[in-house]
There are 2 protein chains.
Amino acid sequence: MSIEKDLFKLKPIAYTTMADQVETHLREYIIKRSIKPGDPIPKETEIAQALGVSRNVVREALSRLRMLGMIESRKKRGMILTQPDVMKGLELIIHPTILDENVRKELFELRLVLEVGLGDLLFRRKSEEHLKKLDAIVEREQKATTQIERIRCEIDFHSTLYDMAGNETLKRFQDILMPVFEYVVEYESKLDHTSVGSVTHADLVKILYGNNSEAYPNAMRKHLMPHLEHL
Amino acid sequence: MSIEKDLFKLKPIAYTTMADQVETHLREYIIKRSIKPGDPIPKETEIAQALGVSRNVVREALSRLRMLGMIESRKKRGMILTQPDVMKGLELIIHPTILDENVRKELFELRLVLEVGLGDLLFRRKSEEHLKKLDAIVEREQKATTQIERIRCEIDFHSTLYDMAGNETLKRFQDILMPVFEYVVEYESKLDHTSVGSVTHADLVKILYGNNSEAYPNAMRKHLMPHLEHL
DNA sequence: TAGCTGATTATGTAATACTTAATGACGGCT
DNA sequence: AGCCGTCATTAAGTATTACATAATCAGCTA
């Protein structure tokens, strides 16, 4: 029995196809020649010939890089390297329903970590505009009558925080993960009935208006406490 | 002039190839039928015929999903859905040299955010083992004579923190981003000469040994202060 | 029963031909 | 001379065919 397990650990023998090899070849090519966005890369036929494979295989490899936004191709003009969106890859994989329970849970933990650690970016980049927007959301929330409206405010509030942080990559990260969060929260809400932490959104806004950046992390921790207790 | 800018905003007209369409088709297929890892998906020829495209195009789409680890294929057995590694996509894109300056900076900010927010995971999951390991690293660091050795300790210390957090996804995230961090730190170190925050690694370990999880976030903030000041 | 053999099946690879869009050059027109 | 339309060219996108390869199964034989 343990022998079998050991055998499995040897993994299904890393079988690499021609397309795989061409892909890594292209990556290396790009890196070694330090090709920059906008620079052209060789034609499909040239690559095929140079590597001694069919154009078909080359196209598979290129198709992958294209999906990740690493290259763009126009007819006749050939293909050029493009500045990829770092988070594109994440976006392509993350779909709540195909992720397994545990990974969803881990991603949600990641969110908690991010929001607690967000303080310094917020205090450095906050603006009147953002703070007013938060005020408006808090007000909307207090007037809200339905659960749906409250949840919408909850989402808006935290999204606005990410906006405030002034980090596009982080914001994008959050946008991609959002659907997963909603999924988890929905699950959690079946356990405890939307219990609220001892620090409210209004409290957080008050802190953000001030200058005491030390107060933020633990305030946010208290705000998120209901979630943290699930860990 | 403003007219030209407006024209550019119309974007390069979302030109979608057959492969793109087949790809999204497959994604929808998988999601709508709620196919689980291990389940088989139709044969290449079946897909091609069903969608009225050449097998070639289908293979390009499948090749993409395969790269992301969403499917696996064996000859004859056909293809099966697999549990993708969420961070695979990131790994495929992130290479320090092809990322632009600004993105690298943003990713580094992300790191700072993560480490400050890490506290709750650490206090919930810490173990004697991990703490002892941190002790050892601190000791090694204090005995270190070369700059290289100190940097190695720095990396080990923070990596161990991520281990301690007991979140595989987060750990993987950190592992992927690491090369970028090193890149940024190298850049930073040319500005100020590895100035150290007022809280040392030893101080952090002391806090982690204790029970006061409130102390962690601001301690880590002080530790990272030299970096934070660059924001 | 065990094991060999060959048929079958689905993916991997190659080769060819054609379509389409973008580019540029040529040549004619005002 | 400068503008414009036409046409050839180029490289990517798509389709088709053929074959290689590996895994699986069924059937046959010892």
For Arg77(A) and dA22(C), give me the distance from atom CZ to atom P, rounded to whole Å.
-> 11 Å
Going by distance alone, is a donor N or O of one side chain under 3.5 Å from an acceptor N or O of the other, for His25(A) and Gln21(A)?
-> no
Between Met18(A) and Glu46(B), name the one whose nearest nucleotide on DNA chain C is closer to the 5' end.
-> Glu46(B)
Whole Å only: how far is the NZ atom of Lys75(A) from the P atom of dA21(C)?
-> 6 Å
Value rounded to 0.5 Å, distance of CG in Asp39(B) from CE in Met79(B) | 13.5 Å
Base dG13(D) paired with Arg74(A) side chain (donor-acceptor, <3.5 Å) | no
Could you check how far NZ of Lys43(A) sits from P of dA11(D), rounded to whole Å?
-> 5 Å
So does Ser73(B) get a side-chain nitrogen or oxygen closer than 4.0 Å to the phosphate oxygens (OP1/OP2) of dG12(C)?
-> yes
Check the side chains of Ser63(B) and Arg64(A) for a donor-acceptor pair under 3.5 angstrom, ignoring hydrogens and angles.
-> yes
Nucleotide nearest Thr17(B) (side chain, heavy atoms from C-beta), chosen from dA10(C), dA21(C), dT14(D) = dT14(D)
Does Ser54(B) make a side-chain N or O approach to OP1 or OP2 of dA15(D) shorter than 4.0 Å?
-> yes
Working to the nearest 0.5 Å, report the span between CD of Glu109(A) and OG1 of Thr169(B).
-> 8.5 Å
Report yes if at least one side-chain N or O of Arg66(B) is closer than 4.0 Å to OP1 or OP2 of dG12(C); otherwise report no.
-> yes
Can you check the Met79(B) CE to dA22(D) P distance for me, whole Å?
-> 18 Å
Whole angstrom is fine here: how far is it from CD in Glu72(B) over to C1' in dA10(C)?
-> 16 Å
Is the backbone N or O of Ala165(A) less than 3.5 Å from a side-chain atom of Arg125(A), with the two atoms forming a donor-acceptor pair by type?
-> yes
What integer distance in Å separates Asn56(B):CG from dC19(D):P?
-> 18 Å
Roughly, in whole Å, what's the span from CZ in Arg55(A) to P in dT16(C)?
-> 13 Å
Given atom CD of Glu60(A) and atom P of dT11(C), what is their separation to the nearest angstrom?
-> 12 Å
